[in-house]
Structures are given as C-alpha cells and as structure tokens.
Amino acid sequence: MQMKLGHVKLGVSDIKRSMEWYTQVLGFEIDSFSPEDEPTYYDFKGTGATFSIGQAEHSGIYHGGRTNFEVEDVDGLWESLKGNATVVESIWDTPWGTRKFTIADPDGNELGFSKQV
C-alpha cells in the first residue's frame, strides 16, 4: 500500500504568537482558521500537504516535532532566516544528496528546508 502525506499539524503553546511568527518570519499565508471568534487552529496556503499549527493542550508537557520542506532556493532562504530564527542546524550538504538547514519555531518545533543537489 502506498501512502501520501496529506496533512501535518504542529502543536504550539501560544497560537497567536506562532501564527504571527509563521506569517511574518516565514512569509506563510493563512488559508483558514477556526473557530472564527478565537482561533486555536490555522492552516497555510501553498505548502504541498496541508501544513497547520494548533493550540497544544495545557498539560504542561510539550513535545515538539520536525517538519521538512523542499524549497527551490535553499541558500537564499537560509540567508533571509538565519538571523531571524533559532538555528538548529546550519546549512550543509548531506550525504544523501540534499543541501539543507533546520530552524526552530517559538515552541521548539524544528523546521527543515532542503533542496536536491
């Protein structure tokens, strides 16, 4: 059976702060959100599979995740983001044929960006 990823959601501790970070730092555009009066969920346009953030439960325990995006100009994106985000992994050429870097959002979710070389 072949599976295709359709949706990724990262839990965040402060939905408003994270929505602002994803739109202002990464330049993502909001596609939809809910509920209308006080959103706890946002998804974004043009990311391939649906990519979204949602308010995490207030259990006091938070576990971040990693999501990787394929981009056309990984070096240009690196130059624009490296001073505006927490760097987890500086840009490098991997042994499996990609050039990539990883940053963290305000909650520590890791966002990798790569290009096949």
Side-chain angles (χ1 to χ4, degrees):
M1 174 189 344
Q2 184 177 4
M3 293 185 207
K4 179 181 175 186
L5 181 65
H7 185 180
V8 172
K9 183 185 95 172
L10 298 178
V12 297
S13 63
D14 182 329
I15 192 73
K16 184 176 183 207
R17 175 189 70 183
S18 292
M19 179 273 301
E20 290 171 354
W21 188 86
Y22 278 90
T23 56
Q24 293 172 11
V25 173
L26 293 183
F28 284 9
E29 292 181 56
I30 296 169
D31 188 33
S32 65
F33 59 90
S34 67
E36 282 191 36
D37 57 336
E38 195 171 325
T40 58
Y41 173 90
Y42 290 89
D43 64 32
F44 302 100
K45 295 179 184 179
T47 55
T50 300
F51 177 74
S52 61
I53 57 174
Q55 184 69 47
E57 296 296 320
H58 298 287
S59 64
I61 300 172
Y62 177 76
H63 301 283
R66 176 178 276 199
T67 302
N68 291 302
F69 296 91
E70 294 177 359
V71 297
E72 290 184 21
D73 183 7
V74 71
D75 288 286
L77 185 60
W78 166 249
E79 288 302 319
S80 71
L81 292 177
K82 68 181 179 183
N84 297 315
T86 301
V87 175
V88 174
E89 194 174 57
S90 295
I91 197 160
W92 66 296
D93 294 319
T94 71
W96 50 89
T98 61
R99 182 156 174 78
K100 71 172 296 226
F101 68 92
T102 306
I103 60 173
D105 75 5
D107 285 291
N109 291 303
E110 296 180 358
L111 305 167
F113 298 90
S114 67
K115 177 180 176 62
Q116 288 292 122
V117 289

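Hydrogens, waters and symmetry mates are skipped; everything else that's a heavy atom, side chains included, is used. Throughout, residue positions are numbered sequentially from 1 according to the sequence presented.
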So, Lys115 and Asp75, do they make that salt bridge, N to O below 4.0 Å? no
Where the side chain of [X] meets the backbone of [Y], is there a donor-acceptor pair that is under 3.5 Å apart?
{"X": "Asp31", "Y": "Asp43", "value": "no"}
{"X": "Ser34", "Y": "Glu36", "value": "no"}
{"X": "Glu29", "Y": "Thr23", "value": "no"}
{"X": "Asp107", "Y": "Ser13", "value": "yes"}
{"X": "Ser80", "Y": "Leu77", "value": "yes"}

What's the spacing between Thr98 OG1 and Gln116 CD if we round to 0.5 Å? 6.0 Å
Nearest 0.5 Å please: distance from the OG atom of Ser52 over to the CZ atom of Phe33. 14.5 Å
Is there a path from Val71 to Val87 through hydrophobic residues (I, L, V, M, F, W, Y) whose side chains come within less than 4.5 Å of each other? yes
Is it possible for you to say whether Ile103 and Val25 belong to one hydrophobic cluster, with membership spreading through side-chain heavy-atom contacts below 4.5 Å? yes
Tell me, yes or no, whether the heavy-atom count around Glu70 atom CD, taken from other residues, nucleotides or ligands under 6.0 Å, exceeds 12. no
Looking at Lys82, I want to see if its NZ is surrounded by more than 12 non-hydrogen atoms of other residues, nucleotides or ligands under 6.0 Å. yes
Restricting to non-hydrogen atoms, name the atom on [X] and the atom on [Y] that form the minimum distance, rounded to 0.1 Å.
{"X": "Ile30", "Y": "Lys45", "answer": "O-CE, 3.5 Å"}
{"X": "Ile91", "Y": "Val74", "answer": "CD1-O, 4.0 Å"}
{"X": "Asn109", "Y": "Gly65", "answer": "OD1-N, 3.0 Å"}
{"X": "Lys9", "Y": "Gly54", "answer": "CG-N, 4.0 Å"}
{"X": "Pro39", "Y": "Ile15", "answer": "O-CG2, 3.4 Å"}

Report yes if some heavy atom in the side chain of [X] is under 4.5 Å from a heavy atom in the side chain of [Y]; otherwise report no.
{"X": "Leu81", "Y": "Leu26", "value": "yes"}
{"X": "Gln55", "Y": "Tyr41", "value": "no"}
{"X": "Trp21", "Y": "Asn84", "value": "no"}

Taking the six-membered ring for Trp, is the centroid-to-centroid distance between Tyr22 and Tyr42 below 6.0 Å? no
In terms of side-chain heavy atoms, does Thr102 have a donor or acceptor partner in Glu89 at a distance below 3.5 Å? yes
Phe51 and Leu10: CA distance, side-chain angles, deciding distance, side-chain contact (heavy atoms from CB on, under 4.5 Å) verdict: CA-CA 8 Å; Phe51 177 74; Leu10 298 178; 3.8 Å; yes
